[in-house]
There are 2 protein chains.
Amino acid sequence: MAKPKLDRKTLLRNSLSVFKTMGYNGTSMNDLAKANGLLKGSMYHYIESKESLMLEVLTALKDHYVSRVFNKAFDETLQPYQRLKELALRAEEIFVFEEGGDFLVNIGLETKNSVPAFTQVIKSFFQEWINTMKYLYSFVLDEADAKEKAEFMVAEIEGSVLMMKLLDDVNYLHRTNERLLKEYKELERQKVYK
Amino acid sequence: MAKPKLDRKTLLRNSLSVFKTMGYNGTSMNDLAKANGLLKGSMYHYIESKESLMLEVLTALKDHYVSRVFNKAFDETLQPYQRLKELALRAEEIFVFEEGGDFLVNIGLETKNSVPAFTQVIKSFFQEWINTMKYLYSFVLDEADAKEKAEFMVAEIEGSVLMMKLLDDVNYLHRTNERLLKEYKELERQKVYK
DNA sequence: TTTTATGTACCAAACGATTGGTAGATTATT
DNA sequence: AATAATCTACCAATCGTTTGGTACATAAAA
């Protein structure tokens with residue numbers, strides 16, 4: 001058996017970086033092959049199709065967020081506020097430096113009417129995120145308010161990331177995070193005084 | 001035939017509706033021709049290239065928003081709060097029913113690294129929107145705060161539209177608008193008591 | 001230990017289909 | 001007859017995918 005040039009993780013990471021800058025339809029198999037140091041045809045030793053590759057990339061990314069980022073919200077060694085802070089910090093890293101956070105949104109919008117399989121994964125990512133935030137807000141708000149707050153918090157962060165990208169203003173997300181953290185602290189204070 | 005089948009406006013509207021559902025790279029000249037009741041070759045009687053067509057669509061859309069929607073903010077026959085309300089209402093119509101509002105975002109993200117000409121138009125749309133909002137907030141906030149508020153308001157609305165689309169939840173934007181309007185009223189009240 | 005067999009990894013080339021775009025003939029209107 | 005709009009036919013290039021064949025590392029057989 002010949003040694004493979006690539007392990008699965010490298011393949012996915014290389015492919016992600018291409019998809020990220022060119023989008024789904026904008027990326028050709030040739031582009032992907034080049035990024036992986038292969039010829040176009042050889043790619044099909046690793047994958048079944050372009051679509052299945054993208055689906056795997058999306059799924060891996062989603063799973064990564066859920067298990068490595070969102071899980072911070074349930075770390076009982078920390079106070080709720082500290083957990084939120086950790087999450088915000090990680091989000092900033094992801095969106096600003098790794099530039100990988102809005103990827104799911106971009107692809108979701110681009111392929112909404114053409115590849116339902118993508119939409120499903122992306123949708124579940126946001127549901128997970130919202131649920132995570134809802135849990136954290138449940139410490140300072142009642143059920144219904146926590147849900148609403150969580151939904152808008154995610155929308156707000158996504159909106160900030162979006163404007164950050166479109167207007168090339170890196171500070172957008174940071175300021176949003178600061179605002180959300182301050183607000184949370186205020187909610188905690190109100191809760192205590194009740 | 002001396003008479004063209006299409007006037008410019010119809011051409012742009014038909015093309016927009018295709019670009020909207022399939023994106024830029026996902027739309028072929030054949031798709032565009034079909035939507036306009038023409039064969040592919042005939043399209044080139046109207047346009048120079050696919051890219052120039054899209055650019056015209058984007059520009060027309062942007063100009064429409066600026067002259068027909070954003071200008072409400074400067075309608076001196078109305079109180080500032082009423083102007084904001086008008087804007088919010090129009091925004092809801094546009095984003096929910098015409099489904100045309102997030103188009104600029106979608107295309108902006110899809111082509112960010114490949115077609116700079118698009119990016120420029122889209123960027124200027126958001127700058128105009130932010131400036132419009134900044135003007136309205138300047139009635140109840142000082143210069144710096146108005147600017148910040150305007151930036152986040154636009155991000156918030158865009159985020160809501162985004163989540164609305166990705167999660168198929170039509171209420172998102174409406175609730176965001178209600179929240180923003182209530183907040184504005186509160187800011188007005190605070191201003192008066194100062 | 002050497003030989004043989006097997007399966008993996010990859011390349012080079014080509015597949016049919018589709019891409020954005022062009023040229024020239026045809027049609028309809030003035 | 002002149003003009004403008006449209007169709008038909010085609011181009012070169014690229015698309016995602018499949019092919020036939022080769023290099024090579026391992027496993028089994030001698």
Side-chain angles (χ1 to χ4, degrees), chain A residues 1-59 106-107 110-111 113-119, chain B residues 1-59 106-107 110-111 113-119:
Chain A
M1 289 187 239
K3 271 188 213 156
K5 271 190 181 174
L6 303 156
D7 58 302
R8 203 78 198 153
K9 218 168 143 185
T10 310
L11 172 79
L12 294 181
R13 208 184 42 232
N14 291 340
S15 304
L16 169 61
S17 103
V18 182
F19 278 135
K20 213 153 58 179
T21 53
M22 319 241 254
Y24 181 65
N25 290 306
T27 297
S28 73
M29 284 305 299
N30 224 337
D31 297 327
L32 291 166
K34 219 173 279 180
N36 283 296
L38 295 174
L39 285 189
K40 191 169 54 157
S42 310
M43 285 292 291
Y44 288 85
H45 252 269
Y46 291 90
I47 62 164
E48 201 195 273
S49 66
K50 184 186 171 189
E51 186 175 323
S52 76
L53 172 59
M54 176 57 111
L55 190 62
E56 202 179 329
V57 168
L58 291 172
T59 308
N106 296 194
I107 302 303
E110 186 189 342
T111 63
N113 302 294
S114 48
V115 195
F118 296 169
T119 314
Chain B
M1 293 180 219
K3 272 187 216 157
K5 268 191 181 173
L6 304 156
D7 57 302
R8 203 78 198 154
K9 217 169 146 185
T10 310
L11 172 80
L12 294 181
R13 208 182 43 231
N14 291 340
S15 305
L16 168 61
S17 105
V18 183
F19 279 135
K20 211 153 57 180
T21 54
M22 318 240 256
Y24 180 66
N25 290 306
T27 297
S28 72
M29 284 306 298
N30 225 336
D31 297 328
L32 291 166
K34 219 173 280 180
N36 283 296
L38 294 174
L39 288 187
K40 189 171 59 155
S42 310
M43 284 292 292
Y44 288 88
H45 237 268
Y46 292 89
I47 62 165
E48 199 194 273
S49 67
K50 184 186 170 188
E51 187 175 322
S52 76
L53 172 59
M54 177 56 112
L55 191 62
E56 202 179 330
V57 168
L58 291 172
T59 307
N106 296 194
I107 301 303
E110 187 190 341
T111 63
N113 302 295
S114 48
V115 196
F118 296 169
T119 314

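To find a chain, count down the sequence lines: A is the first, B the second, and so on, and within it residues start at 1.
To the nearest 0.5 angstrom, B:Asn36 atom CG is 8.0 Å from B:Tyr46 atom OH. Atom CG in B:Leu53 sits 11.5 Å away from atom CD in B:Glu48 (nearest 0.5 Å).
Atom CG of A:Asn36 is separated from atom P of C:dC10 by 10 Å (rounded to the nearest Å). Whole-Å rounding puts the A:Met54 CE to D:dT17 P distance at 13 Å. The distance between atom CG of A:Leu38 and atom P of D:dA23, rounded to the nearest whole Å, is 18 Å. In this structure, B:Lys34 atom NZ and D:dC7 atom P are separated by 13 Å, rounded to whole Å. Straight-line distance from the OH atom of B:Tyr46 to the P atom of D:dA4: 14 Å, rounded to whole Å. Distance, A:Asp7 CG to C:dT8 C1': 16 Å, rounded to whole Å. Computed from coordinates, the A:His45 NE2 to D:dT17 P distance equals 15 Å when rounded to whole Å.
B:Thr27 meets the side-chain contact (heavy atoms from CB on, under 4.5 Å) test with B:Val18, B:Phe19, B:Met22, B:Asp31, B:Leu32; sequence neighbours excluded. For B:Arg13, there are no salt bridge (Lys or Arg N to Asp or Glu O under 4.0 Å) partners at least two apart in sequence or on another chain.
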Next on the checklist: Base contacts versus sugar-phosphate-only contacts with protein, heavy atoms under 4.0 Å: please encode nucleotides 12-22 of chain C as B, S and - from 5' to 3'.
Outcome noted: S-B----SBBB
Checklist entry - A:Tyr44 and A:Met29: side chain to side chain contact (heavy atoms under 4.5 Å, CB included), yes or no, with the steps? => result CA-CA 10 Å; A:Tyr44 288 85; A:Met29 284 305 299; 3.5 Å; yes
Checklist entry - Run the side chain to side chain contact (heavy atoms under 4.5 Å, CB included) check on A:Ile107 and A:Val57 step by step: do they pass? => result CA-CA 11 Å; A:Ile107 302 303; A:Val57 168; over 6 Å; no
